[in-house]
Amino acid sequence: MPELPEVETTLRGIEPHITGHLIAQFTVHNGSLRWPVTGGISEIVQGQRVVAVTRRAKYLLLQLERGSMMVHLGMSGSLRLVDPSEARRKHDHIEMLMSNGKCLRYHDPRRFGAWLWSENGHRQLDHLGPEPLTEDFGADRLFLLSRNRKMAIKPFIMDNHVVVGVGNIYAAEALFRSGIRPDREAGKVSRVRYEKLTVNIKDILQAAIVQGGTTLRDFVNGNGEPGYFQQTLMAYGRGGQPCYQCQKELRDIRLGQRSSVFCPSCQR
DNA sequence: ACACTAACCTGCAAGC
DNA sequence: TGCTTGCAGGTTAGTG
């Protein structure tokens with residue numbers, strides 16, 4: 001799944017083909033997602049115009065005339081624009097036929113994703129921290145929020161209350177570039193190192209967006225094309241292999257049930 | 001408030 | 001060949 005760059009890539013791929021058009025038909029083939037999607041949703045959204053498509057954290061928001069649909073891709077979700085005549089694949093759970101003839105298909109083998117309709121906002125968005133690529137996210141915030149926190153720094157920067165959009169891949173990469181061990185206690189990292197980390201988080205996310213995201217197994221953008229950022233990964237997925245900087249063997253430890261690769265020599 | 005675990009589900013690779 | 005195990009991009013709900 002999709003971290004922030006993959007969601008942003010998806011947004012840019014589908015937005016121009018969706019915005020301004022009517023939802024002609026909305027079909028739920030399998031509504032057993034994180035929260036059940038009932039067939040009744042179809043009657044509500046059909047006939048409504050898509051006013052805008054935006055992103056908040058890893059959520060996509062389809063703004064309709066009388067409310068909004070919040071879409072999350074979970075771990076294995078993807079959205080693709082297809083010709084309606086194209087055969088539906090296994091795990092294509094939801095499809096949205098637009099008045100311009102385009103069909104948006106939601107594919108999600110693990111079904112950790114979500115499609116939620118609301119007329120007046122989504123409570124999931126209420127507690128979210130700042131967007132990483134805006135001025136609202138800076139080193140001061142990381143430094144202040146981390147004081148007296150015993151938690152390891154990697155789960156700390158992956159906490160959506162702290163900052164959104166930093167998932168397992170980009171957390172590992174940002175810490176590698178910053179020379180910070182992922183298991184370092186968040187409250188003991190200096191302000192100077194948080195400044196470096198902040199810059200690296202922003203740089204990496206931005207670079208990944210430019211390259212169309214990271215495709216590990218099956219991520220595709222709105223047009224079915226893969227991303228290329230995986231060619232840039234220095235740490236993620238490289239446990240046991242030599243560090244590109246010092247040739248020492250990269251270690252793979254578990255933090256908060258997530259694999260965390262780092263270089264014991266370059267990261268302290 | 002904080003720290004930590006288990007859970008949701010399918011697919012795939014590795015090991016026996 | 002098959003069976004079992006563990007792991008995978010995220011988030012929430014529940015425990016102390």
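Bear in mind the structure is a predicted one, so any value in this text is a computation, not a measurement. Just so we're on the same page: letters track the sequence lines, and every chain starts at 1.
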- Task: Mind running salt bridge (charged side-chain N to carboxylate O under 4.0 Å, His left out) on A:Glu6 and A:Lys58 for me, showing each step along the way?
- Result: CA-CA 9 Å; A:Glu6 291 74 44; A:Lys58 296 170 190 166; over 6 Å; no
- Apply salt bridge (charged side-chain N to carboxylate O under 4.0 Å, His left out) to A:Glu86 and A:Arg80, showing your working. CA-CA 12 Å; A:Glu86 187 177 312; A:Arg80 221 160 49 101; 3.0 Å; yes
- Report the C-alpha distance between A:Ser260 and A:Lys154 in whole Å, list the side-chain angles of each, state the deciding distance to 0.1 Å, and finish with yes or no for side chain to side chain donor-acceptor pair (under 3.5 Å). CA-CA 8 Å; A:Ser260 307; A:Lys154 180 161 170 279; 2.8 Å; yes
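Residues A:Asp136 and A:Arg141 are not paired through a salt bridge, judged by the lack of any N-O separation under 4.0 Å between the basic side chain and the carboxylate. Using a 4.0 Å cut-off between charged side-chain N and carboxylate O, A:Asp92 and A:Arg89 make a salt bridge. For the pair A:Arg55 and A:Glu15, the salt-bridge criterion is not met [side-chain N within less than 4.0 Å of a carboxylate O]. Between A:Glu185 and A:Arg149, none of the side-chain N atoms (NZ, or NE/NH1/NH2) sits under 4.0 Å from a carboxylate O, so this pair counts as no salt bridge. Taking the charged nitrogens against the carboxylate oxygens, A:Arg12 and A:Glu8 do have a contact shorter than 4.0 Å, which makes a salt bridge.
Using a 4.0 Å cut-off, no side-chain N or O of A:Arg258 falls inside it from OP1 or OP2 of C:dA8. A sub-4.0 Å separation between OP1 or OP2 of C:dA8 and a side-chain N or O of A:Arg254 is present. A:His72 has a side-chain polar atom (N or O) that falls below the 4.0 Å cut-off from OP1 or OP2 of C:dT11.
Distance CD (A:Gln257) to P (C:dG9): 12 Å, rounded to an integer number of Å. When rounded to the nearest whole Å, the span between NE2 of A:His122 and C1' of C:dT11 equals 16 Å. A:Leu216 places its CG atom 17 Å from the P atom of C:dC7, with the value rounded to the nearest Å. The interatomic distance linking A:Met70 (CE) with C:dG10 (P) rounds to 16 Å, in whole Å. Between the P atom of C:dT12 and the CG atom of A:Leu128 lies a distance of 8 Å, rounded to the nearest Å. Here C:dG9 presents its C1' atom at 11 Å from CG of A:Asp108, a figure rounded to the nearest Å. If you take CG of A:Leu60 and P of C:dG9, they are 20 Å apart, rounded to a whole angstrom. When the C1' atom of C:dG10 is taken as reference, atom CD of A:Gln124 falls 13 Å away, rounded to whole Å.
As judged by a 4.0 angstrom heavy-atom cut-off over every strand, A:Phe229 is placed among residues making no nucleic acid contact. Counting non-hydrogen atoms under 4.0 angstrom, A:Arg34 reaches a base of the nucleic acid. Within 4.0 Å of A:Ser259, counting heavy atoms only, lie sugar-phosphate atoms of the nucleic acid but no base atom.
Using cut-offs of 30° and 60° on the angle between ring planes, the pair A:Tyr170 and A:Phe229 is tilted.
The CD1 atom of A:Ile209 sits 5.0 Å away from atom CG of A:Leu133, with the distance rounded to the nearest 0.5 Å.
Other residues, nucleotides and ligands place more than 12 heavy atoms under 6.0 Å from the CD atom of A:Gln247. Heavy atoms of other residues, nucleotides or ligands lying less than 6.0 angstrom from CG of A:Asn148 number 12 at most.
Here chain A contacts DNA chain B (any atom closer than 4.0 Å to a heavy atom, that is under 4.0 Å), and the contacts span B:dC2 to B:dG11 from 5' to 3'.
Near-neighbour residues of DNA chain B inside residues 155-168 of chain A, defined by a heavy atom below 4.0 Å, are absent.
Taking atom P on both nucleotides, C:dC3 is separated from B:dC9 by 23 Å, rounded to a whole Å. If you take atom P in C:dT11 and the same atom in B:dC12, they sit 23 Å apart, rounded to whole Å. With C1' as the reference atom, C:dG9 and B:dA3 are 24 Å apart, rounded to whole Å.
In DNA chain B, the stems built from three or more successive Watson-Crick or G-U pairs (distances below 3.5 Å) are B:2-8 with C:10-16, B:10-16 with C:2-8.
Outside the 6.0 Å centre-distance limit, the rings of A:His93 and A:His107 are not counted as a close aromatic pair.
Each of A:Arg110 and A:Gly256 has a nearest nucleotide on DNA chain B; the 5'-most of these lies closest to A:Gly256.
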